[in-house]
2 protein chains.
Amino acid sequence: MKPATTLRPERERCADCLIRHRAVCSHCGPAELEFLDAIKSYRTFKPGEEITAMGQETDFLGSVVNGVVSLSRILADGRRQMVGLLFPSDFIGRPMRAQAPFDAIAVTDVKLCIFSRPRFEALLRDTPSLESRLLEMTLDELDAARDWMVLLGRKTAREKMASFFLLVARRLAAVARAELRDGVELELPLTREDMADFLGLTIETVSRQISALRKAGAIELTDARHMRIPDIAALAEIAGDDDDGGMID
Amino acid sequence: MKPATTLRPERERCADCLIRHRAVCSHCGPAELEFLDAIKSYRTFKPGEEITAMGQETDFLGSVVNGVVSLSRILADGRRQMVGLLFPSDFIGRPMRAQAPFDAIAVTDVKLCIFSRPRFEALLRDTPSLESRLLEMTLDELDAARDWMVLLGRKTAREKMASFFLLVARRLAAVARAELRDGVELELPLTREDMADFLGLTIETVSRQISALRKAGAIELTDARHMRIPDIAALAEIAGDDDDGGMID
DNA sequence: CGAGTTTTTGAATGGTCTCAACTGGAGTGG
DNA sequence: CCACTCCAGTTGAGACCATTCAAAAACTCG
């Protein structure tokens with residue numbers, strides 16, 4: 001398949017990219033894609049590694065190709081709140097503002113497809129298909145952030161946990177391009193501490209609620225990180241959303 | 001009711017618009033502005049009036065000219081959480097998605113400058129200065145939503161109230177194009193109930209925290225709706241935000 | 001003034017947090 | 001193989017903050 005003459009055998013092409021159909025570049029035509037191909041690069045991060053730090057200038061923007069990234073903010077006394085959770089195809093970075101408004105940390109092994117900030121911002125100005133897709137994605141993220149605000153402001157610890165499991169299940173299913181159905185098994189990408197920071201709880205409360213949901217039969221656990229949802233609708237009921245629960249993918 | 005004495009007695013022109021420098025149209029040139037002038041219209045709402053309802057199709061988009069609009073979502077059992085608070089120059093509506101994801105309610109007398117949805121969406125495609133400004137505003141709203149998530153997830157009732165007063169003071173000062181300084185007086189646009197829904201609290205807790213802040217001298221009240229902030233920095237201290245960029249290790 | 005509404009205040013309850021101890025698995029080395 | 005540490009997660013007991021329920025006070029507007 002590969003031409004023997006190739007100089008960079010491991011070079012990934014945009015056309016073959018697994019997240020192409022959902023990422024910021026998904027509306028680009030062949031010519032635009034070829035240009036992106038030429039200027040993109042990849043970077044990987046280990047779990048726990050800092051990708052950008054709050055208040056620090058970041059010189060790149062890009063897409064999550066593999067893994068999960070958390071965005072979080074820390075108050076002066078150390079309290080932490082997660083404000084975003086990025087899955088493959090999500091966009092990372094804040095265009096038109098060099099200073100990162102939040103910490104971005106790899107929660108699993110992460111691979112990013114990145115562009116230098118000035119190059120990407122110039123591209124954005126010249127490429128309507130990029131800009132309109134980014135607007136669309138930003139609007140979706142805003143919707144998701146607002147659903148999350150409802151969770152943080154008004155839901156009980158039990159409801160928060162149930163909502164969280166559904167959110168992860170939906171996102172992982174979307175990444176795998178699979179239907180979400182009863183009996184799904186999933187690997188939780190977050191530690192108890194990360195979940196607590198996501199949900200505005202403490203790790204103890206997270207742990208207690210997981211135990212309670214397990215005893216109630218709403219979830220099944222093989223170990224701390226691997227779970228199974230026997231009945232999606234039942235879990236959604238516990239989550240307290242009025243119907244399908246929002247949480248935009 | 002309306003006297004038809006003059007041809008265009010109350011016709012407002014975009015060029016004279018008070019929110020022009022901050023609204024979605026702020027990057028438009030004279031020709032674009034003239035076009036907007038021709039297709040825009042105004043609509044007013046009374047306090048408490050519903051502007052759009054969750055799940056309902058909305059046929060317009062636009063800008064808040066006067067007043068304050070709340071965006072909120074209600075859970076199945078009636079718990080309500082505010083997820084957005086719009087001031088003059090803020091954009092209202094969800095481009096590229098006809099179904100409103102949240103309730104929008106006028107909290108004061110409100111005047112909107114609106115465009116029909118199909119017309120505005122077509123305009124967006126053809127007018128880069130509109131689209132890029134909308135992207136910028138959406139990114140800012142996302143940042144604001146994330147700050148708000150920190151408040152909802154990790155702040156105490158006291159900190160929430162202090163943060164809220166600062167937010168309102170900042171937004172009203174920005175609208176008035178005034179500097180925010182010690183001794184500002186402001187009229188709270190929200191009822192205690194609205195504040196509670198904004199902050200993820202109950203009205204009783206809101207009331208108690210206001211009383212406590214008053215007794216502590218952090219705020220002064222003439223009546224339930226009119227207040228004065230004698231010392232911005234002191235209130236910011238109570239709000240718990242790290243003031244100087246958050247570079248603490 | 002009285003009726004209705006909003007806001008404030010009080011007392012008791014309860015959900016989540018804090019502090020603390022325990023469990024279990026992974027890795028290390030004797 | 002066991003003993004040991006280390007770390008993430010779990011469980012328990014008590015404290016505390018915000019909620020709930022209840023009632024009084026203040027304000028609005030006929």
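Order of the sequence lines fixes the chain letters, A, B, ..., with proteins taken first and strands second; residue numbering starts at 1 for each chain.
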Asker: Could you work out which one of dT11(D), dT20(D), dT8(C) sits closest to the side chain of Arg192(B)?
Answerer: dT8(C)
Asker: Select from Gly200(B) and Leu221(A) the residue whose nearest nucleotide in DNA chain D is closer to the 5' end of that strand.
Answerer: Leu221(A)
Asker: Taking the side chain of Ser211(A) as heavy atoms from C-beta outward, which of dT7(C), dT10(D), dT11(D) is closest to it?
Answerer: dT11(D)
Asker: If you draw a 6.0 Å radius around CD in Glu220(A), do more than 12 non-hydrogen atoms from other residues or ligands fall strictly inside?
Answerer: yes
Asker: Among residues 149-161 of chain B, which residues get a heavy atom nearer than 4.0 Å to DNA chain D?
Answerer: Thr156(B), Ala157(B)
Asker: Measuring to OP1 and OP2 of dA8(D), would you say a side-chain N or O of Thr191(A) lies under 4.0 angstrom away?
Answerer: no
Asker: I need the CD-P distance between Glu204(A) and dA13(D), as an integer number of Å.
Answerer: 15 Å
Asker: Can you list, in residue-number order, the parts of residues 77-87 of chain A that come under 4.0 Å of DNA chain C, counting heavy atoms only?
Answerer: none
Asker: If you pin Arg208(B) and Arg225(A) to their nearest nucleotides in DNA chain D, which one's is more 5'?
Answerer: Arg225(A)
Asker: Take a 6.0 Å sphere around CD of Glu193(B) and say whether it holds more than 12 heavy atoms from other residues, nucleotides or ligands.
Answerer: no
Asker: Carefully, step by step, assess Ser72(A) and Arg80(A) under the rule side chain to side chain donor-acceptor pair (under 3.5 Å).
Answerer: CA-CA 7 Å; Ser72(A) 60; Arg80(A) 195 169 85 108; 2.8 Å; yes
Asker: Taking the side chain of Leu201(A) as its heavy atoms from C-beta onward, which of dG9(D), dT19(D), dT16(C) lies nearest to it?
Answerer: dT16(C)
Asker: Counting side-chain heavy atoms from C-beta on, which of dT9(C), dT11(D), dT16(C) comes nearest to Gln209(A)?
Answerer: dT16(C)
Asker: Tell me whether the centres of the aromatic rings in Phe115(A) and Phe60(A) are closer together than 6.0 Å.
Answerer: no
Asker: Without decimals, in angstroms, what is the distance between Ile203(B) CD1 and dA26(D) P?
Answerer: 17 Å
Asker: Would you indicate which nucleotide in dT16(C), dT20(D), dT19(D) comes nearest to any side-chain atom of Thr205(B)?
Answerer: dT19(D)
Asker: Quickly work out the Leu190(B) CG to dT7(C) C1' distance and round it to whole Å.
Answerer: 15 Å
